[in-house]
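One structure, as structure tokens, below. Some questions next.
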Amino acid sequence: MVSRHTVRVPKLPRPLDGVRIGHVSDLHLYDGIHRTARHALAALERERPDLVVLTGDQWDSRRGRQALPD
């Protein structure tokens, strides 16, 4: 799901005006990149944000991180 929000920041430096931020949270990767994560990555690719922020739990265990390609 993609939701878009406009955030007004008083006195924001001009070079940052219009910067688009993509936010993905709690992917909970475990056995590589699962279908839900692939959908999130595809949405990021379509939206083409200037900056991507990953928050929450990205992996369920060290094994999940090891399953991802380098």
Side-chain angles (χ1 to χ4, degrees):
M1 178 175 89
V2 173
S3 61
R4 293 174 190 84
H5 306 274
T6 299
V7 178
R8 308 254 183 247
V9 179
K11 299 182 182 177
L12 182 72
R14 185 173 286 274
L16 296 177
D17 186 31
V19 169
R20 297 178 58 208
I21 300 171
H23 176 227
V24 178
S25 185
D26 293 293
L27 287 175
H28 289 275
L29 301 174
Y30 42 92
D31 216 4
I33 301 177
H34 50 75
R35 188 177 83 207
T36 304
R38 288 186 194 285
H39 287 295
L41 293 172
L44 282 174
E45 188 171 352
R46 282 190 307 274
E47 294 295 318
R48 306 205 35 91
D50 301 302
L51 172 73
V52 175
V53 179
L54 300 174
T55 62
D57 299 322
Q58 302 309 315
W59 299 279
D60 286 338
S61 69
R62 289 181 190 259
R63 189 173 61 100
R65 168 58 185 107
Q66 293 167 352
L68 297 177
D70 287 330

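This one's a predicted model, so the numbers in the text were calculated from it and none came from an experiment.
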Shortest non-hydrogen contact from Arg4 to Glu47?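 Minimum heavy-atom contact is NH2-OE2, 2.6 Å.
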Do Leu16 and Val53 sit in one hydrophobic cluster, given that two such residues count as connected whenever their side-chain heavy atoms are within less than 4.5 Å of each other, even indirectly?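 In one cluster: yes.
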Sequence neighbours left out, what passes side chain to side chain contact (heavy atoms under 4.5 Å, CB included) with Ser3? Give chain and number order.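 Partners of Ser3 under the side chain to side chain contact (heavy atoms under 4.5 Å, CB included) test: His5.
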Salt bridge (Lys or Arg N to Asp or Glu O under 4.0 Å) contacts touching residues 34-45 (sequence neighbours left out):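 Checked against salt bridge (Lys or Arg N to Asp or Glu O under 4.0 Å) - neighbours excluded - no pair reaches residues 34-45.
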Minimum heavy-atom separation for Gly18 to Asp50, with atom names?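 Taking Gly18 first and Asp50 second, the nearest heavy atoms are O-OD2, 3.9 Å.
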Between Pro49 and Gly22, what is the shortest heavy-atom contact and its length?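 Shortest heavy-atom contact: CB-N, 3.4 Å.
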To the nearest 0.5 Å, what is the distance between CG (Leu44) and CG (Leu54)?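 CG of Leu54 is found 8.0 Å from CG of Leu44.
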Could you state whether Val9 and Leu51 fall into the same hydrophobic cluster, counting links through intermediate Ile, Leu, Val, Met, Phe, Trp or Tyr residues with side-chain heavy atoms under 4.5 angstrom apart?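 In one cluster: yes.
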